[in-house]
Amino acid sequence: MSSAVFDKPSLLQRILPFFRGFDWMLLVMLGLLASIGLVAMYSSGYDHGTRFYDHGRNMLLAAGILFVVAQIPPQRLMMLAVPLYTVGVALLIAVALFGITKKGAQRWINLGITIQPSEILKIAMPLMLAWWFQKREGQLRPLDFVAAGALLALPVGLIMKQPDLGTSLLVLAAGLSVIFFAGLPWKLVVPPVVIGAVGIILIVWFEPQLCADGVRWPVLHDYQQQRICTLLDPTRDPLGKGFHIIQGMIAIGSGGFWGKGFMAGTQTHLEFIPERTTDFIFAAYSEEFGLAGNLFLIVCFLLLVWRGLAIAMGSATLFGRLMAGAVSMIFFTYAFVNMGMVSGILPVVGVPLPFVSYGGTAMVTLGLALGVLMSVARAQRQAPDAPRQAL
């Protein structure tokens with residue numbers, strides 16, 4: 001008998017199975033975005049103490065979470081849907097009852113450590129809705145979509161009450177993408193879109209009257225109303241509420257086509273850009289790398305979203321298709337909203353630019369989301385002959 005039978009596998013042979021089935025195009029896009037994030041953070045955060053190193057640490061933590069979650073089959077992930085959603089909603093209720101208030105917002109709770117439960121719902125919400133539709137595959141009725149809407153409305157309402165408009169929009173977008181991909185009829189999609197478009201036109205048309213001193217809008221909080229009015233006319237308060245938007249647009253415009261060069265952004269390094277390492281890091285990046293750098297960044301995000309949707313279309317299960325589609329749209333929403341608010345076409349909300357903005361919680365959430373996407377991709381590659389349906 002050959003002694004080779006008793007040879008132990010090498011370390012490489014034992015590690016390789018954990019990486020088998022990974023979607024390498026997805027990893028390439030992730031690597032490019034992470035590299036852009038590190039370069040932008042080094043420049044914008046060079047005088048912010050250890051922010052560059054902390055940003056790198058957060059990326060490594062997110063990569064570790066991605067790797068671990070990618071090892072879990074989608075069927076196992078589906079089992080976490082109901083418990084994770086239930087815990088998330090329960091914590092949101094606890095926040096509403098006895099949460100910690102900071103800067104006028106009640107978003108945190110102390111459980112030995114201070115956490116922000118709304119972050120859990122960014123993943124728990126699409127996970128729950130994907131589970132819901134998977135259980136009803138082949139027998140969907142209009143009432144199932146109504147129930148899904150109720151499951152979505154509960155946490156979104158609790159998050160908006162904190163108030164946290166940015167996170168509520170992200171959770172809403174993630175949930176709506178699952179409902180849409182599950183087969184929501186177009187006749188139910190078109191009316192809200194038309195109403196929203198008409199509402200935006202009316203607000204823009206009557207902006208002087210709606211944003212006059214003393215006018216109070218129903219439903220919205222004062223700060224939310226001020227953000228919309230500031231978006232429509234940032235020069236109304238150029239040194240106050242309009243300062244962020246004005247400085248962001250100046251930085252983006254001053255970058256020109258090629259940018260001012262790495263570490264050469266005057267708006268950035270003279271500290272005219274508020275929150276230049278977090279929500280407004282896109283303005284700092286634009287100033288130094290210009291339109292060319294922006295186009296490269298946008299292409300990277302579009303390729304990431306496109307690859308995610310391709311993974312969704314190739315999944316053999318409804319749950320996998322819905323989760324992969326939802327995660328893809330989460331990245332699209334993050335990037336679109338952040339770039340839009342910094343460019344002055346959307347109200348300023350607390351939405352980071354994925355892998356570029358500083359923030360540990362957001363980075364962990366994104367790593368978890370990519371891990372789910374990679375899990376769906378691995379299941380697809382390891383069962384290439386499984387029947388597939390179009391998204």
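Keep in mind it's a predicted model, so treat the numbers as computed, not measured.
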Separation of Thr333 OG1 from Lys122 NZ (nearest 0.5 Å): 11.0 Å
Exercise: identify the closest heavy-atom pair between His55 and Phe355: NE2-O, 3.3 Å
Sole candidate of Ile330, Leu152, Leu176 that passes side chain to side chain contact (heavy atoms under 4.5 Å, CB included) when paired with Met125: Leu152
Minimum-distance pair of heavy atoms, taken over all atoms of Val376 and Pro74: CA-CG, 4.1 Å
Euclidean distance, Arg378 CZ relative to Ile72 CD1, rounded to 0.5 Å: 10.5 Å
Main-chain N/O of Ala377 paired to Asp23 side chain as donor or acceptor, under 3.5 Å: no
Side-chain donor-acceptor contact under 3.5 Å, Asp164 with Gln116: yes
CD on Gln162 to CH2 on Trp108, rounded to 0.5 Å: 8.5 Å
Met79 CE: over 12 foreign heavy atoms closer than 6.0 Å: no
CD1-OG distance between Ile252 and Ser286, expressed to the nearest 0.5 angstrom: 4.5 Å
Glu288/Lys260 ion pair, N-O < 4.0 Å: no
Salt-bridge contact Arg57-Asp54 (side-chain N to carboxylate O under 4.0 Å): yes
Check: Tyr53 ring centroid to Tyr42 ring centroid under 6.0 Å: no
Minimum-distance pair of heavy atoms, taken over all atoms of Val171 and Ser118: CG2-O, 4.3 Å
Between CG on residue Leu26 and OG on residue Ser328, distance to nearest 0.5 Å: 8.0 Å
Heavy-atom closest contact (Phe262 atom, Phe289 atom, distance): CD1-CZ, 4.0 Å
Derivation of the side chain to side chain donor-acceptor pair (under 3.5 Å) call for Arg51 and Thr277: CA-CA 8 Å; Arg51 287 227 158 166; Thr277 61; 2.5 Å; yes
Main-chain N/O of Gly45 paired to Tyr358 side chain as donor or acceptor, under 3.5 Å: no
Main-chain N/O of Ala174 paired to Ser177 side chain as donor or acceptor, under 3.5 Å: yes
Trp132 side-chain N/O to Asp144 backbone N/O, donor-acceptor pair under 3.5 Å: yes
Minimum heavy-atom distance Leu92-Leu158, with the two atoms named: CB-CD1, 3.8 Å
Side-chain H-bond candidate by donor/acceptor type, Gln267 with Arg276, under 3.5 Å: no
Over all atoms of both residues, closest heavy-atom pair of Pro117 and Leu91: CB-CB, 3.6 Å
Side chain Arg307, main chain Met25, donor-acceptor under 3.5 Å: no
Glu287 and Thr268 side chains, donor-acceptor separation under 3.5 Å: yes
Distance-only polar pair, side chains of His269 and Ser43, donor-acceptor under 3.5 Å: yes
